Protein chains: 2
Amino acid sequence: MNEKFLYKQVYKDLKNSILSGQYKTGSKLPSESELCECYHTTRATIRQAFSELIKEGFIYKQHGKGTFVKSEMRSLGLLSFKGFSEVVGEEHQAKTTILQVPVYKQFPSDFFYKLSAEEKELGCIYFARLRFADDVPVMLEYTYLPNNELFKPFDEQDIKDSFFKTLHTKFEVEITGLAQSIRAIECEKSVAKALKMKHKSPVLYINRRYATNKANLHIYSTLYCNTDKYAMSHNF
Amino acid sequence: MNEKFLYKQVYKDLKNSILSGQYKTGSKLPSESELCECYHTTRATIRQAFSELIKEGFIYKQHGKGTFVKSEMRSLGLLSFKGFSEVVGEEHQAKTTILQVPVYKQFPSDFFYKLSAEEKELGCIYFARLRFADDVPVMLEYTYLPNNELFKPFDEQDIKDSFFKTLHTKFEVEITGLAQSIRAIECEKSVAKALKMKHKSPVLYINRRYATNKANLHIYSTLYCNTDKYAMSHNF
DNA sequence: GGCAATAACTTGTATATACAAGTTGTGTTT
DNA sequence: AAACACAACTTGTATATACAAGTTATTGCC
């Protein structure tokens, strides 16, 4: 399984070594020149591999000192995009129930984002979850995963914990970006029921499109949030 | 105001040219080799400047074609930055009216963020604007600027255009980060009136704290958004 | 005119090298 | 022992060059 480009190979090797625990959190990676000798290449190539890993949050550099493995935050780091575990996170009790186990189906015809021909063709893995903070339902989440070979097999276990962690550990998919649109709407009956709100209460309605480290692989989700008690927060 | 490093200079020049509209949305930047000649340097240096701009979302590349100015949100997905005049930008008519011209006053006692002693001491420059898309009011924005020497003099002109552009060009303040909390709430009468909505309609209620390139300088704003017609969008 | 080969562009990957600048440890001096 | 100077590391910036690979315009043929 050789990569086409040397810098990709270096990137992959290092990433695997980090994921397998060979380089532990906080530990120092070999210096650029050491890696140059290993791979019989030059610093520019090594630095290119490094910069990919930095972009994905695996490592960081310190001028004059070296390159180090980032704390475990990275796996959850992009979860902060999600907001849920951030707001809910440490101080509050977080819980998730699965309303719809993963099933294969077509993308909805009125899907919120214009899909590529390939995405339409292949369909999606769809599941729904309800998230609680301190035993209060705060977020209703519908997720659409492209029906890619990459994600097979896919089952209920994969979404019991953090789905993003599963993406990272099981499928080696890293979230690299997010585009979202946010509205405040009056919630419909079904949403109200799930979130234990009054019909027509204001809820956040969010459509998201996650970009990943795999070209042309995007993950979609629609959220309804009860923000009476907990606000949705972001940091960038 | 020369930058220490050549790639930073190139980066800054390009960024200024983009922000000033010299390179318009979607237009092609000079090729790497053209810029090499301009700056009497090599592609590696130009590419480094480009990669910073890519990271910040100002530009994107296409193999074999060229480098282009991104149309969507730049930098940190700040709607009020690229947001208003540019998300709404080309397709829609954007307009802004000033409800409250900049005045010096104390921070409100029930301010949404816990301020530092220094910030409290100095007070703030406060102003309010109402923003329109296609002549429909969509966003009510209250801004709190620390009463820093840096911002003097400060007047109405500074917020007529994009305030973030003013920050960049007049005060050399760059936005480097954002923390925000978002809620969906029923709008109160005053907000409803400004946004021409019915009382108790759902609106987005957003509190923001912008980090800047100046240490300990933060900018705050509170937004009310009518998302009936236009959603709030982010890209990171 | 229509079509295909090709030339002239673009960005992508790669090597080789040099010096600057920040950090750390090793000495030597005091 | 403490202070300082310096060497030996690290990453940061920079130049010069080459070829690969994708895109577009041009050329020349039919």
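Residue numbers start from 1 in every chain, and the chains themselves are labelled A, B, ... in the order their sequence lines are given, proteins ahead of strands. Quick caveat: nothing in here was measured; it's all calculated off a predicted structure.
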Whole angstrom is fine here: how far is it from [atom1] in [X] over to [atom2] in [N]?
X: His63(A); N: dA21(C); atom1: NE2; atom2: C1'; value: 4 Å
X: Ile59(B); N: dT11(C); atom1: CD1; atom2: C1'; value: 12 Å
X: Lys8(B); N: dA14(D); atom1: NZ; atom2: P; value: 10 Å
X: Phe68(B); N: dT23(D); atom1: CZ; atom2: P; value: 11 Å
X: Glu32(A); N: dA8(D); atom1: CD; atom2: P; value: 20 Å
X: Gln9(B); N: dA14(D); atom1: CD; atom2: P; value: 11 Å
X: Leu29(B); N: dT11(C); atom1: CG; atom2: C1'; value: 13 Å
X: Lys4(A); N: dA21(D); atom1: NZ; atom2: C1'; value: 8 Å

Does the [X] side chain pair with the main chain of [Y], one donor and one acceptor, at a distance under 3.5 Å?
X: Thr212(A); Y: Leu217(A); answer: yes
X: Thr166(A); Y: Asp158(A); answer: yes
X: Gln9(A); Y: Glu3(A); answer: yes

Of the listed nucleotides (dT10(D), dT13(D), dT10(C)), which one gets closest to any side-chain atom of Lys28(A)?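 Of the candidates, dT10(D) comes closest.
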If you check the Glu34(B) side chain, which of dA14(C), dT11(C), dT10(C) turns out closest?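 It is dT10(C).
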First of Phe5(A) and Lys61(A) reached from the 5' end of DNA chain D, by closest nucleotide: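 Its nearest nucleotide being more 5', the pick is Lys61(A).
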Got a sec, which residues hit salt bridge (Lys or Arg N to Asp or Glu O under 4.0 Å) with Lys105(A), two or more places apart in sequence or on another chain?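 With neighbours one apart ignored, the set is empty.
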Kindly check if the number of other-residue, nucleotide or ligand heavy atoms within 6.0 Å of NZ (Lys28(A)) is above 12?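 It does: Lys28(A) NZ has more than 12 such atoms within range.
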Chi angles and distances behind the side-chain hydrogen bond (donor to acceptor under 3.5 Å, both in side chains) call for Tyr11(A), Glu56(A): CA-CA 11 Å; Tyr11(A) 157 82; Glu56(A) 292 180 10; 2.9 Å; yes
Within less than 4.0 Å of OP1 or OP2 of dT11(C), is there a side-chain N or O belonging to Thr67(B)?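 Yes, because at least one side-chain N or O of Thr67(B) sits under 4.0 Å from OP1 or OP2 of dT11(C).
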Are Lys65(B) and dT24(D) close enough that a side-chain N or O sits under 4.0 Å from OP1 or OP2?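 Result: yes.
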Near DNA chain C, counting only heavy atoms under 4.0 Å, which residues of residues 35-54 of chain A show up?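 His40(A), Thr41(A), Thr42(A), Arg43(A), Ala44(A), Thr45(A), Gln48(A), in order of number.
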Salt bridge check, Glu52(B) against Lys8(B): does any charged N sit closer than 4.0 Å to a carboxylate O?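 Yes, charged N to carboxylate O under 4.0 Å.
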